[in-house]
Amino acid sequence: MSERPQESQTDVSGIRIHSLRDGSGTALVYLHHSFGSAGWTPLLQDLSADHQVLAPDLPGYGKSTRPEWARHPRDLSILIAQWLCAEGIERPHLIGAGFGGWVAAELATMQPTSLASLTLVGSAGMLPREGRILDQFLIAHRDYVSAAFHASGAYERLFGTELEEAQLERWDRDREMTTRVSWKPYMLNRRLGPLLAGVRAPTLVVHGEHDGIVPRCCSDDYAAKIPGARLEIAGGCGHAIDLEAPQVLAKLVREHVAGH
Amino acid sequence: MLVVYFTEQPMSSYPEAAGLEAGYTSLLFSNKHFDPVEGSRLYNDRLEEYKHAEASGFDAIMTNEHHNSPFCMQPQITVWSSILAAVTDRVKILQLGNPLPVYDNPLQFAETIAMIDMISKGRLIAGIVRGAGQEMLCMNSNPAYNRERFDEAHNLLVKCMTEEGPFHWEGEHYQFRVVNPWARVLQKPHPRIFVPGVLSPSTIVWAAQHRYPYVALNTPLHLTGRLWDIYDVAARRVGYTAGPENRGYLLRVHCQDDEAKAIRNAREFMWMQGEFTGIGHPNWMSPAGYSSADQQLAAARAANRIGPRREAQPFEAQRESLELIAGTPGQVIDELRILLERTRPGILVLWGNDGKISHEDSMRCIELLGREVVPAVKEIGKELGLHDPFEIDAPVSLAETPASQIDPQPHYELPSATAAAPT
């Protein structure tokens, strides 16, 4: 979005993972929402000032090739774990937003000691005890993405008032990948909750006060089930805190990773 | 020529104002608007109409399946197919079709198709479909794997009908440790399989590659010719020459003794703003992964309000282009002749009644079509050489075509019209 990060392609299990990266220091990996990467956002730019920040397109999203065989976000977590290994990144700080948070949480259950820390931002993946996760398949792409923002004009600042065809194409491809791995059950895994007790990464759970996509109870449950996890509510924010209030999230992340 | 009677079985008594207020009449349009008392009346009216279609001279009656919308009251194709097997004696029962990928158990199709084939004493045509896009949402069937599931379920269905069990099936989408359905089809090697569509080139090619007749669903006349070009090329590539027996055409035809009344009734085809599958969100019609890339993007554009909203052609324009025919028997026959000369189908499906056309008028329409239009159309068919697959005993599929009848050196030339293939 602002500065120019480095673009890379790395092959794992026959899948080419595209990523953006910049900065130096301890590695901080960001996993994007189901509506795909928004590029080198102010959040990533901010964090890259004192970290090596890497932002892969999840397999099948953006410029990464599609694993035709993948049927579940857990498959994507495995590929991301392999990608971290291929990149030689040991014990990164992992941040996941929305759907990316689900992928990050799955990864944290598989390799309990492999992460320096975990930050889940409005993460999907848990069965809401109340309400439901907003179903993107029932609404238009623009309506879904704009529902991720709370502050007036926040969506427009990022994506403009007129939806560009190229953006719609990217969203549609990303939506198809979400369909392939999370059609049913939608955005949740009943087999994730019991495994969260085994997560060893110090975990910060962040939830937007006005999240219109993932119900608050999902983040409550993440915080309750992951040993030692801490819950922060981002006041005045919607679902996509990473895009809507990057400074707020950057501060929370910086404080969290600094201690680990 | 095989002449078939069809109606979507509309739930015409739904409150139109509620649909207009909601902005849609499908998927999320509440079933609180369904009136079971009216439903019972309408189902029983349809039963009388189907029996009348047989008595009046139709060769076949078509059933179908759709969900969550007043435009079609057939949420289970098996139910009406079974009823027709029991209450009719002569007509063929055309299922168009069994929505294979929508359900997780294709063996159920093998079983019900076999039962209906036996109960009807071999009168079943077991059409198959992918299911409309919206049905992926109604039935929670993953649209991204729709074609894969269609293909695999088809392969399993055909194997059930043509090979003895037990066997084991380990597919990408379906797994069965034992496949051994006790009921088996009466018609050998198996009931004919038809495939309908609305111009999706991949479905046309798929049907041609299997040598299954493709039934074009009220496609615009100017595009239907290109459709057959695609079919014909795909057929030649696998070693056979397609003919009228491979071509089906479904269109709306309403007939009355009086032209003015016929036209007045035919306006009912424009109910639900002329969108015969109900007004729905483009997103629902083409969920992600369901359609080809081009169609997918077009649906995404529409869903996000980029470009003009697709709207049905006005009634008069549809009559002008012969996508909708209405009139007295003589007028209907004259227009059908033009259509038959241009599209040359061996299978003609007449969608006779829709919307709020009364039971009484539906019965009269069926009688006029059956007694006057069907014989005339069949004569035109003879004159034009429009044979159906039964008349010439065509192989039921490419797999069942004798090797001696398959061209070992298929032709690959493309007719020029195919360059502008419909999407």
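FYI, side chains are in, hydrogens and waters are out, and symmetry mates aren't considered; it's all heavy atoms of this structure.
The number of heavy atoms from other shown groups lying within 6.0 Å of CD (A:E156) is above 12. No more than 12 heavy atoms of other residues, nucleotides or ligands lie within 6.0 Å of CD in A:E162, so this atom counts as exposed by the packing criterion. Applying the 6.0 Å contact sphere to CD of B:Q76 captures more than 12 heavy atoms from other residues, nucleotides or ligands. By the neighbour-count criterion of 12 heavy atoms within 6.0 Å, atom CD of B:Q175 is densely surrounded, having more than that number from other residues, nucleotides or ligands.
Of the possible donor and acceptor atoms, one in the side chain of B:W284 sits under 3.5 Å from a partner among the backbone N and O of A:L138. No side-chain donor-acceptor contact under 3.5 Å links A:D172 to the backbone of B:L297.
Taking CD of B:E172 as the reference point, atom CD of A:E68 lies at 10.0 Å (rounded to 0.5 Å).
Taking both residues in full, the closest heavy atoms of A:A140 and B:N283 are given as N-ND2, 3.5 Å, listed atom of the first, atom of the second, then distance. Nearest heavy-atom pair across B:L137 and A:W183 is CD2-CH2, 3.6 Å. Scanning all heavy atoms of the two residues, the minimum distance from A:R71 to B:Y145 falls at NH1-OH, 3.2 Å.
Chosen from A:M177, A:E169, A:R173, the residue pairing most often with chain B at heavy-atom distances under 4.5 Å is A:E169. The choice from A:E176, A:H141, A:R175 that makes the most heavy-atom pairs within less than 4.5 Å of chain B is A:H141.
The closest side-chain heavy-atom distance from B:P143 to A:T179 is below 4.5 Å.
Side chain to side chain, B:N304 and A:W171 fail the donor-acceptor criterion of an N or O pair below 3.5 Å.
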Next on the checklist: Would A:D143 and B:R305 count as a salt bridge (charged side-chain N to carboxylate O under 4.0 Å, His left out) here? Give the steps.
Outcome noted: CA-CA 11 Å; A:D143 296 341; B:R305 303 175 290 282; 3.4 Å; yes
